[in-house]
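A short write-up of the structure that comes next.
Computed from heavy atoms alone, side chains included, the values below leave out hydrogens, waters and symmetry copies.
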Amino acid sequence: MDQMGIHYNFWIVLLSFALTATAAYSALNLISQVSHSVGRVRRLWLLSGASVLGSGIWAMHFVGIMAGHLPFEVSYRPGTAVLSLLISMASCYAALRIATASPQRMWRFLAAGGVLGSGISLMHYVGMLSMEMEAKVHYEIMDQALSVLIALLASYIGVLLFRRFKDYTGFSRWKLYSALFIAAAVTGMHYTSLRTSSLQYDSWMATRPLLVDTDVILLTGISLVTLFMLAISGGAVFLDRHVLERMAYHDPLTELPNRHGLERYFKNDFFGGSSGAVFFVDLDRFKSINDTLGHDIGDLLLREVSERLTGCVGTKGRVFRLGGDEFLIALPECTVAAAEEEAQYILQELKKAYSIEGNELYVTASVGISMTPAHGTDRSALMKAADTALYTSKDSGKNKFSIFDLEMNRHQVRRMSLEKDLRKALARSEFMVVYQPKWDSLMNVTVGLEALLRWKHPEHGVISPAEFIPIAEETGLIVPITYWMLHDVCAQNMLWHEANVATVAVSINMSARMFEGGSLYEVVEEALSRSGLEPHFLELEITESIAMNNMEETVAQLSKLRNLGVRVSLDDFGTGFSSLGNLDEIPVNTLKIDQVFIRKSKMHSKKAIISNIIAIASNLNMEVVAEGVETTEQIELLQSLGCRVMQGFYYGRPMPVKELGQWFIENTA
């Protein structure tokens with residue numbers, strides 16, 4: 001019997017430690033990218049780090065064997081040697097995955113250290129089994145337990161240090177310390193195990209000692225594994241610097257920097273000048289191009305827009321794509337006057353014609369501008385201010401630019417507050433319905449009512465429909481609100497019928513959103529059946545824009561309702577974008593002349609328009625209602641032109657149910 005660890009070459013021992021420490025540091029560098037990645041990219045970094053660390057541990061084992069002189073020839077079983085390599089890589093992957101999982105907990109580091117230490121020990125003993133020699137290795141359990149304990153303890157400390165640098169991709173002394181402890185775990189376990197092992201062999205079988213590192217195959221294998229480690233590390237760095245970085249920081253469609261690129265630009269390059277500008281650019285009605293021509297044409301249009309924006313900005317700043325049809329422009333050196341000039345130039349360039357796949361397209365944009373330091377000194381504040389200014393441009397008619405001011409901010413804060421409260425208003429029963437009469441001026445009787453929605457806010461009082469209806473439209477809340485209103489109005493009208501107060505039709509304004517789901521017929525039918533109201537006592541008011549948007553589908557839904565007996569009126573006629581050539585195709589009972597014509601009815605041009613609307617309605621066998629009637633002169637004019645049914649403050653303001661009951665009594669008398 002003889003001790004296995006006879007004499008060691010100090011330089012090879014040192015080389016084995018350095019090899020493991022280098023592999024560990026390279027692996028930890030790769031693993032530092034994990035916290036910045038998700039999905040497949042995250043798994044790629046984990047696999048790369050585990051491969052480098054596992055290969056380094058495996059190479060150290062066999063380099064460590066070469067450090068000793070053995071008095072006989074040694075060869076290796078390739079299959080077992082490869083198995084030890086796979087064990088090393090698998091245990092490293094499992095340990096690193098546990099250590100990088102969220103949330104970070106002490107038990108995770110303990111478990112990761114245990115897995116890594118166990119993997120190192122298992123790899124060592126499987127590696128020893130791969131040796132073919134004319135001797136047998138005998139292990140003392142207690143002595144081997146010491147070597148395994150060294151592996152576990154040093155691995156745990158190395159993994160525990162990981163939390164000090166897990167998000168840092170550059171050099172870190174804690175990363176170096178962690179690599180050294182992992183190297184100590186591997187080399188400590190290896191040499192302790194060998195020194196405490198016994199080797200049984202017959203001395204006459206070997207006449208001279210052989211140095212194991214003369215084995216060409218082993219040297220070749222270790223060299224290949226080392227090259228493999230270097231290739232993975234280098235490839236990962238190249239991938240990070242040239243491929244993943246571009247994927248992470250650039251938009252694949254337009255090749256402009258994306259949100260991540262924006263954050264980096266603001267952090268490193270934007271601030272520093274005396275004044276700078278941030279532009280939010282949003283295309284107007286881009287969705288209609290996607291819907292009508294397809295997303296492929298829409299994508300090509302976005303590329304053209306990005307090229308024009310880049311050409312407009314030039315070297316003065318940077319253009320970013322935030323997503324969809326939203327772009328951001330950052331000009332680090334820019335005054336207010338220069339920002340206004342630049343915005344005007346951008347709007348002019350963007351609205352020029354685009355020729356895409358045989359389609360001649362036109363698109364406009366809305367722009368919101370914020371200035372530094374006046375509107376903020378960090379990226380978040382500037383983007384918020386520019387976004388607020390963009391909403392102002394959109395609300396004021398589009399194809400415009402606006403520069404942020406405090407009044408905009410107050411308006412936006414109020415809008416956000418109302419949107420939040422609007423989501424709870426229906427559940428809190430804060431909505432109420434008021435009714436405005438429609439009056440037959442020749443017969444002097446009420447011939448109908450228009451139901452109008454009001455929001456009684458617990459803090460702000462009654463909110464104007466002009467303020468909260470657009471919010472409800474945009475958020476889609478108008479749909480459940482209209483459902484509620486249909487049921488409430490039908491039920492109230494039925495109560496009036498049963499009490500013999502009034503037997504007239506009540507009209508309700510419809511949103512375009514109500515036609516999107518295709519279930520308007522079912523909703524109306526349910527409201528009528530629940531209340532018991534006959535269909536001809538319900539009238540739905542639509543605008544010209546609703547009628548012309550997806551006209552075939554809208555006409556189909558309205559026709560079903562007309563067949564049910566529900567009446568339909570075209571509201572605000574003359575102010576929308578309808579084609580007179582299509583007017584006869586829309587199933588409408590009534591045309592409502594918009595109040596803008598009535599208010600200016602003294603003008604000859606407005607009088608002519610009113611006369612033509614009445615003539616069109618008469619020729620199409622439609623009824624006419626004039627809105628906004630307030631004076632006797634307007635009444636006399638409308639009567640002379642052939643309009644008898646009117647609605648306005650002259651006959652009655654919008655009234656809640658209690659007041660309307662009294663109004664019915666007074667006007668019936």
Checklist entry - More than 12 heavy atoms of other residues, nucleotides or ligands under 6.0 Å from CE of M416: is that the case? => result no
Item to check | Stepwise side-chain contact (heavy atoms from CB on, under 4.5 Å) test for F649 and V629 | outcome: CA-CA 6 Å; F649 287 175; V629 176; over 6 Å; no
Item to check | Sidechain-backbone polar pair: N563 side chain, S559 backbone, donor-acceptor under 3.5 Å | outcome: yes
Item to check | S611 side chain to K607 backbone, donor-acceptor under 3.5 Å | outcome: no
Next on the checklist: Can you pull out every salt bridge (Lys or Arg N to Asp or Glu O under 4.0 Å) where at least one residue sits in residues 355-384? Sequence neighbours excluded, please.
Outcome noted: none
Item to check | R308 to Y354 six-membered ring, cation-pi geometry met (6.0 Å, 45°) | outcome: yes
Item to check | Neighbour count above 12 (heavy atom, 6.0 Å) for E307 CD | outcome: yes
Next on the checklist: Looking at R428 and F431, would you say the former's side chain and the latter's main chain have a donor-acceptor pair under 3.5 Å?
Outcome noted: no
Item to check | Test item: Q557 side-chain N/O and F515 main-chain N/O as donor-acceptor pair under 3.5 Å | outcome: yes
Checklist entry - Taking all non-hydrogen atoms of both residues, which atom of C334 and which atom of A339 are closest, and how far apart? => result SG-N, 3.5 Å
Checklist entry - Given L486 and L538, is the side-chain contact (heavy atoms from CB on, under 4.5 Å) satisfied, shown in steps? => result CA-CA 9 Å; L486 273 166; L538 176 64; 4.2 Å; yes
Item to check | Donor + acceptor pair across side chains of H295, D299 (<3.5 Å) | outcome: no
Checklist entry - Which atoms form the tightest heavy-atom contact between W439 and T446, and what is the distance? => result CZ3-OG1, 3.3 Å
Item to check | Carboxylate-amine/guanidinium contact E539 K438, below 4.0 Å | outcome: yes
Checklist entry - Is it true that W663 and Y435 have ring centroids separated by less than 6.0 Å? => result no
Checklist entry - With no hydrogens and no angle check, is any side-chain donor or acceptor of S531 less than 3.5 Å from a backbone partner on A527? => result yes
Item to check | Ion pair check, E419 and R423, cut-off under 4.0 Å | outcome: yes
Item to check | N-O pairing of K592 and E627 below 4.0 Å | outcome: yes
Checklist entry - Among side-chain atoms of S275 and T335, is any donor-acceptor pair under 3.5 angstrom? => result no
Checklist entry - Got a second to check how far L528's CG is from H487's NE2, nearest 0.5 Å? => result 9.5 Å
Checklist outcome for this item: For Q634 and I598 the tightest heavy-atom approach is NE2-O, 3.3 Å
Next on the checklist: Under 4.0 Å between a side-chain nitrogen and a carboxylate oxygen: does that hold for E474 and R415?
Outcome noted: yes
Checklist entry - What closest approach, in Å, do P465 and P470 show between heavy atoms, and which atom pair accounts for it? => result O-CD, 3.6 Å
Item to check | Geometric cation-pi criterion K560 and Y521, 6.0 Å radius, 45° cone | outcome: yes
Item to check | Residues S507 and E541: side-chain donor-acceptor under 3.5 angstrom | outcome: yes
Checklist entry - Any ion pair linking K602 and E633 (charged N to carboxylate O, less than 4.0 Å)? => result no
Checklist entry - Should we say atom CD of E552 is surrounded by more than 12 heavy atoms from elsewhere, each under 6.0 Å from it? => result no
Checklist entry - If you measure from the Lys or Arg side-chain nitrogens to the Asp or Glu carboxylate oxygens, is any gap between E526 and R530 under 4.0 Å? => result yes
Checklist entry - Below 4.0 angstrom, N of the basic side chain to O of the carboxylate: do K394 and D284 qualify? => result yes
Checklist entry - Is K600 atom NZ crowded by more than 12 heavy atoms from other residues, nucleotides or ligands, each under 6.0 Å away? => result no
Checklist entry - Going through the distances and angles, do I369 and F404 end up as a side-chain contact (heavy atoms from CB on, under 4.5 Å)? => result CA-CA 6 Å; I369 305 172; F404 176 80; over 6 Å; no
Checklist entry - When rounded to the nearest 0.5 angstrom, what distance separates CD1 in I593 from CG in L638? => result 6.5 Å
Item to check | side-chain contact (heavy atoms from CB on, under 4.5 Å) evaluation trace for V281 with D325 | outcome: CA-CA 8 Å; V281 182; D325 59 343; over 6 Å; no
Checklist entry - Hey, does the side chain of D387 reach the backbone of M383 with a donor-acceptor pair shorter than 3.5 angstrom? => result no
Checklist entry - In this structure, are over 12 heavy atoms from other groups packed under 6.0 Å from R285 atom CZ? => result no
Checklist entry - Would you find a donor on one side and an acceptor on the other, under 3.5 Å apart, between the side chain of D440 and the backbone of L442? => result yes
Checklist entry - Do any N or O atoms from the side chain of S441 and from the backbone of R644 form a donor-acceptor pair under 3.5 angstrom? => result yes
Next on the checklist: If you compare all heavy atoms of L418 against all heavy atoms of W455, which two are closest, and at what distance to 0.1 Å?
Outcome noted: O-CH2, 3.5 Å
Checklist entry - Looking only at heavy atoms, which two atoms of P437 and L449 are closest? And how far apart? => result CA-CD2, 3.7 Å
Checklist entry - Does N493 use its side chain to pair, donor to acceptor, with the backbone of F537 at less than 3.5 Å? => result yes
